[in-house]
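Some notes on the structure that comes next.
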Amino acid sequence: MRVIIVGAGLGGLALARFLRRADIDVLVHERDEALEQRPQGARIHLDERGLGALHACLSASESRFLDATLGQPDEYVTILDESDLAIVKRRRSTGREGSPDAIRPGASASRRIVRRLLAHGVHDTIRFGTALTGYTEHAAGVTARFADGTVDEADLLVGADGIGSAVRRLRLPEATVNDSGLRLLQAKTPITRELIATGVIDRIEGSFTLTAIGDVQAIIGAVRFGEQPAAAAQRLVPGFDPGDLHDYVMWGLLLRRHQLGDLDRDFTRRSPASLSDHLRTVTATAHPVFRLLLDQAFPDQFFGLAMGTSREVPAWTPGRVTLLGDAIHAMLPTRASGANSALQDARRLADAILSVHPGGRAWEHAIGGYEHLLRRDGFQAVRASLNGVRELDEDHTAAVAPVDS
């Protein structure tokens with residue numbers, strides 16, 4: 001059995017890990033030239049879906065490393081007053097299976113570390129700089145074609161290639177992505193003594209935190225490792241480079257398109273310097289902690305994200321080409337489900353693939369069962385993320401005009 005995965009994000013790499021553990025031949029094609037060619041976010045919230053999938057596909061020592069380097073528990077959304085960054089209110093994360101309109105409790109983690117950890121065990125399966133241009137399904141499987149001239153044969157082709165998925169455009173051209181009108185301008189700053197002295201880092205703990213800068217929403221989220229990653233790697237996964245070495249803050253602005261003006265053109269391709277300049281303009285009258293965050297930020301760790309949401313589509317006929325994660329159910333980060341949903345998809349798809357064997361389920365039956373869950377839970381999470389926009393606006397109002405909690 002052979003599986004081709006298009007896309008080396010969290011979901012695609014997790015699926016590769018599951019299949020490698022089952023001795024299935026797997027090949028990952030990634031259009032970027034390197035694993036970290038583009039910044040892809042600094043901090044993720046991992047709940048029981050994501051953590052369960054990661055523990056199931058990582059080795060025992062890698063799982064211990066993951067647990068050792070998780071940030072503080074992430075069980076609240078915290079709202080801070082705009083003027084003094086005092087706590088206005090806290091909303092507990094009470095989500096669970098079947099309750100998508102609330103964030104599930106979990107822990108903060110470094111996206112870079114999680115992605116590097118997943119790639120660590122399957123690095124020899126990843127072919128960088130190979131963009132999918134087409135495929136042909138046939139009785140024996142699927143033939144995939146790539147821009148560099150590569151042609152590969154497999155039993156199954158999986159699109160794990162994110163919101164701009166080439167696989168989705170070919171497989172389900174009616175499954176389009178809507179522009180939400182929201183833009184995220186994000187930066188990353190190490191936690192220094194000066195930042196700790198402000199008291200803000202200890203105040204927000206591990207929670208996802210929102211405040212206001214005039215009519216702009218600002219976000220802050222700390223990653224304070226349980227054990228510093230370099231020491232944990234040396235102890236548990238010798239030779240592994242975690243990338244992130246010290247505690248840091250992910251922070252930035254959540255903007256509407258009209259708040260960006262001309263910067264909205266080519267927003268996702270803007271240079272770190274131009275994004276830093278915009279942050280400096282917006283935060284000029286903000287609480288002094290934002291100037292500290294900006295002055296001490298990693299100079300290459302500014303990026304812009306235009307946030308889209310997948311349009312829900314009805315059931316399709318299963319075949320030898322399927323999808324996972326943002327490639328089919330891209331969502332806003334308001335319910336902290338994006339990474340967790342992708343990792344859950346990877347685990348479920350691996351189970352479906354492993355159920356295909358002589359005397360077992362046929363490909364169409366196995367993939368059809370997986371895609372039923374993909375649609376049910378994935379599009380439910382998309383709807384929940386859209387519902388969360390109203391809550392963001394309420395939180396912004398509370399930060400500007402605080403009320404008794």
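Heavy atoms only: backbone and side chains are in, while hydrogens, waters and symmetry mates are out.
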Legend entry - Enclosure of Glu137 CD (heavy-atom neighbours >12, cutoff 6.0 Å): yes
Inset, instruction - For residues His120 and Phe240, establish whether the separation of their ring centroids is below 6.0 Å. - result: yes
Inset, instruction - May I ask you to decide if Ser180's main-chain N or O and Asn178's side chain share a donor-acceptor pair within less than 3.5 Å? - result: no
Inset, instruction - Go through Tyr76 and Arg90 one step at a time and tell me if the side-chain hydrogen bond (donor to acceptor under 3.5 Å, both in side chains) criterion holds. - result: CA-CA 6 Å; Tyr76 298 92; Arg90 272 191 162 152; over 6 Å; no
Inset, instruction - Could you tell me whether a side-chain N or O of Gln37 sits under 3.5 Å from a main-chain N or O of Glu33, the two making a donor and an acceptor? - result: yes
Legend entry - Pairwise side-chain contact, Leu156 with Ile4, heavy-atom cut-off 4.5 Å (strictly under): no
Legend entry - Presence of salt bridge, Asp47 and Arg335, under 4.0 angstrom: no
Inset, instruction - Establish, yes or no, whether a centroid distance under 6.0 Å links the rings of His29 and Phe146. - result: yes
Inset, instruction - Could you tell me whether Asp101 and Arg383 make a salt bridge, using a distance below 4.0 angstrom between a side-chain N and a carboxylate O? - result: no
Inset, instruction - Taking only Lys NZ, Arg NE, NH1 and NH2, and the carboxylate oxygens of Asp or Glu, determine whether Glu97 and Arg104 approach each other closer than 4.0 Å. - result: yes
Inset, instruction - List the steps, then state whether side-chain hydrogen bond (donor to acceptor under 3.5 Å, both in side chains) holds for Asp247 with Gln228. - result: CA-CA 8 Å; Asp247 300 348; Gln228 292 304 303; 3.0 Å; yes
Legend entry - Glu153/Thr143 under side-chain hydrogen bond (donor to acceptor under 3.5 Å, both in side chains): CA gap, chis, key distance, verdict: CA-CA 5 Å; Glu153 302 283 343; Thr143 302; 2.7 Å; yes
Legend entry - Short N-O contact, Glu36 and Arg116, less than 4.0 angstrom: yes
Legend entry - Side chains of Asp264 and His258, donor plus acceptor under 3.5 Å: no
Legend entry - Distance-only donor-acceptor check, side chains Arg145 and Thr136, under 3.5 Å: yes
Legend entry - Ile328 CD1 to Leu323 CG distance, which is reported to the nearest 0.5 Å: 5.5 Å
Inset, instruction - Would you indicate whether His55, at its atom NE2, is surrounded by more than 12 heavy atoms from other residues, nucleotides or ligands within a distance under 6.0 Å? - result: yes
Legend entry - Whether Tyr248 side chain and Ala42 backbone form a donor-acceptor pair below 3.5 Å: yes
Inset, instruction - Pick out which of Leu279, Thr198, Leu195 makes a side chain to side chain contact (heavy atoms under 4.5 Å, CB included) with Leu293. - result: Leu195
Legend entry - Minimum-distance pair of heavy atoms, taken over all atoms of Ala306 and Phe267: N-CD2, 4.4 Å
Inset, instruction - Decide yes or no on side-chain contact (heavy atoms from CB on, under 4.5 Å) for Arg257 and Asp179, but give the supporting numbers first. - result: CA-CA 10 Å; Arg257 291 182 63 178; Asp179 184 351; 3.7 Å; yes
Legend entry - Least distance between heavy atoms, Ala222 atom then Ile191 atom: CB-CD1, 4.3 Å
Inset, instruction - Compare every heavy atom of Arg2 with every heavy atom of Ala154, then report the nearest pair and how far apart it is. - result: CB-O, 3.5 Å
Inset, instruction - Identify whether the distance between the nearest side-chain nitrogen and carboxylate oxygen of Arg91 and Glu394 falls below 4.0 Å. - result: no
Legend entry - Polar side-chain atom of Arg311 near backbone of Glu174 as donor-acceptor pair, under 3.5 Å: yes
Inset, instruction - Decide, yes or no, whether a salt bridge links Asp326 with Arg168 under the criterion of side-chain N to carboxylate O below 4.0 Å. - result: no
Inset, instruction - Test Ile219 against every option in Leu392, Leu185, Leu184 by the side chain to side chain contact (heavy atoms under 4.5 Å, CB included) rule and name the one that passes. - result: Leu184
Legend entry - Test: Asp244 and Arg111 ion pair at under 4.0 Å: no
Legend entry - Test side-chain contact (heavy atoms from CB on, under 4.5 Å) applied to Ile87 and Arg203, step by step: CA-CA 8 Å; Ile87 295 175; Arg203 200 175 305 148; 3.5 Å; yes
Inset, instruction - Go through the steps to decide whether Met307 and Met331 satisfy the test side-chain contact (heavy atoms from CB on, under 4.5 Å), and finish with yes or no. - result: CA-CA 8 Å; Met307 291 186 284; Met331 62 194 73; over 6 Å; no
Legend entry - Geometric cation-pi criterion, Arg43 with Trp251: 6.0 Å, 45°: no
Inset, instruction - Rounded to the nearest 0.5 Å, what's the gap from CD on Glu371 to OG1 on Thr317? Could you check? - result: 9.5 Å
Legend entry - Reference residue Leu85; test side chain to side chain contact (heavy atoms under 4.5 Å, CB included); the match among Ile204, Thr209, Thr211: Thr211
Inset, instruction - State plainly whether the residues Arg224 and Glu205 are in salt-bridge range, i.e. N to O under 4.0 Å. - result: no
Legend entry - Arg348/Asp345 salt bridge by N-O under 4.0 Å criterion: no
Legend entry - Thr192 and Gln296: side chain donor to acceptor below 3.5 Å: yes
Inset, instruction - Inspect the surroundings of CG in Asp124 and state if more than 12 heavy atoms from other residues, nucleotides or ligands are less than 6.0 Å away. - result: yes
Legend entry - More than 12 heavy atoms of other groups within 6.0 Å of Arg280 CZ: yes
Legend entry - Modelled atom types, side-chain donor and acceptor of Gln344 and Ser341, under 3.5 Å: no
Legend entry - Flag side-chain contact, heavy atom, 4.5 Å: Ile220 against Phe290: yes
